[in-house]
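Quick notes on the structure that follows.
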Amino acid sequence: MIKTARNLLLALALTTGLNAATELNKDEIKKIENLELFKGVNIKVKKAYDTQSLYLLRVEVRGKIDEIYLTKDKKYLIAGDVLNTTDGSKLTVPADLSSAKGNQAFTYGTGKDEYYLFTDPECPYCKKFESYLEQVKDKVKINVFYFPLDFHANAKDISLYIMSQKTQAEKIKAMVNTTKDTPAFKNRKIDPKKLRQLEANLDKQIKIGQELGVQGTPAVFDKDGNKVNWVQMLQSYGVQVK
């Protein structure tokens, strides 16, 4: 895959955002997949957009989801971040949330603005984000998915414990308060049959996150699949993040 220096990416005059982009149809995507480089390493294009300056592609390479950019003449492939020169935002493909809808562990909030959150119960940034949710619960509806990271030793077990709670209110309380040292977690007893069901549900949530390109947590998407910065999201509702 062709790599370019970051200064080339910054020099690209991207004055239009993805809101002005046009999604490519299946025939156009097929033409891109038939390029020699794509065929050579078996790159599958999941979604593609014409941003007027570049083609923005969400691709699958050896089972992993990534975003790459193709010049309009289809001669050069760019790997790395492409930034909008107006506001510095990263050009990115909206995620397809169809597989996520209805498969969340639970939903937090009763507001009209809908989001999808992928979280890890041992991630310090996730815990910080979640500590502010009480302030916006009447403004947002957050579909919560668990995405325990491999290097957090207790994250999977804590995720299963939170999901095992009977009511939504109990799950929310456990999400906010549970750590590896919480007595209720340390003394947990989950029926083996229920545990298998919970593990299957957690595996499904992890798979959905992987399909959406989630690599770290917290990962937040709006209802249209756009990646959202959690600090800016909170600030947009008047929350002072410290």
Side-chain angles (χ1 to χ4, degrees), residues 65 95 97 99-111 113-222 227-235 237 239-242:
I65 300 298
L97 296 173
S99 64
K101 293 178 179 178
N103 288 309
Q104 64 269 23
F106 58 90
T107 300
Y108 189 115
T110 58
D113 296 340
E114 188 171 11
Y115 297 92
Y116 292 76
L117 165 66
F118 289 82
T119 185
D120 175 321
E122 288 199 307
C123 162
Y125 295 103
C126 298
K127 301 301 286 185
K128 185 172 184 179
F129 175 49
E130 291 159 7
S131 72
Y132 291 102
L133 295 184
E134 175 71 17
Q135 299 181 46
V136 296
K137 65 180 182 180
D138 60 334
K139 300 180 180 68
V140 303
K141 182 172 72 172
I142 300 178
N143 301 299
V144 179
F145 295 76
Y146 279 95
F147 196 83
L149 303 172
D150 292 339
F151 51 85
H152 288 151
N154 303 287
K156 182 177 180 180
D157 287 338
I158 296 175
S159 298
L160 293 168
Y161 168 74
I162 296 169
M163 292 166 56
S164 74
Q165 302 305 297
K166 293 181 179 180
T167 68
Q168 182 160 297
E170 289 174 336
K171 290 175 183 176
I172 292 171
K173 183 179 179 181
M175 175 182 74
V176 174
N177 297 317
T178 303
T179 71
K180 66 181 179 64
D181 298 317
T182 301
F185 166 68
K186 294 173 71 174
N187 299 320
R188 68 194 181 282
K189 292 181 180 180
I190 303 176
D191 176 78
K193 182 178 179 181
K194 183 177 182 180
L195 181 59
R196 288 193 295 270
Q197 294 174 338
L198 292 170
E199 288 174 334
N201 289 339
L202 180 58
D203 288 344
K204 188 172 186 178
Q205 292 173 49
I206 293 171
K207 183 178 179 181
I208 291 170
Q210 291 171 338
E211 290 174 348
L212 296 178
V214 174
Q215 297 179 332
T217 57
V220 184
F221 300 87
D222 67 17
K227 196 80 177 288
V228 176
N229 179 291
W230 65 270
V231 175
Q232 293 175 354
M233 171 202 156
L234 292 171
Q235 291 173 337
Y237 295 106
V239 177
Q240 294 185 349
V241 180
K242 299 179 181 180

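Computed over heavy atoms, backbone and side chain alike; hydrogens, waters and symmetry mates excluded. This one's a predicted model, so the numbers in the text were calculated from it and none came from an experiment.
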Given side chains that start at C-beta, do those of [X] and [Y] come closer than 4.5 Å, heavy atoms only?
{"X": "Gln210", "Y": "Phe147", "result": "yes"}
{"X": "Leu160", "Y": "Glu199", "result": "yes"}
{"X": "Phe151", "Y": "Glu122", "result": "no"}
{"X": "Lys101", "Y": "Tyr116", "result": "yes"}
{"X": "Ser164", "Y": "Arg188", "result": "no"}
{"X": "Phe129", "Y": "Leu117", "result": "yes"}
{"X": "Leu97", "Y": "Leu212", "result": "yes"}
{"X": "Tyr108", "Y": "Met175", "result": "yes"}

Worksheet item: Name the one of Thr178, Asn177, Ile162, Thr179 that satisfies side chain to side chain contact (heavy atoms under 4.5 Å, CB included) with Phe185?
Response: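 Single side chain to side chain contact (heavy atoms under 4.5 Å, CB included) partner of Phe185 among Thr178, Asn177, Ile162, Thr179: Thr178.
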Fill in: Closest contact, heavy atoms only, Thr217 versus Phe118
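Scanning both residues, the minimum pair turns out to be CG2-O, 3.6 Å.
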Practice prompt. Drop me the distance from Leu234's CG to Gln240's CD, to the nearest 0.5 angstrom.
Written response: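 Answer for the CG-CD pair, Leu234 versus Gln240, is 12.0 Å.
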Item to complete: Determine, for Glu134 against Lys137, whether the closest basic-nitrogen to carboxylate-oxygen distance falls under 4.0 angstrom.
Response: yes
Worksheet entry | Crowding at OH, Tyr237 (>12 non-hydrogen neighbours, <6.0 Å) |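 Yes, enclosed.
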Worksheet item: Would you say Gln215 has more than 12 foreign heavy atoms packed within less than 6.0 Å of its CD?
Response: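 No, CD of Gln215 has 12 or fewer neighbouring heavy atoms, counting only those of other groups under 6.0 Å.
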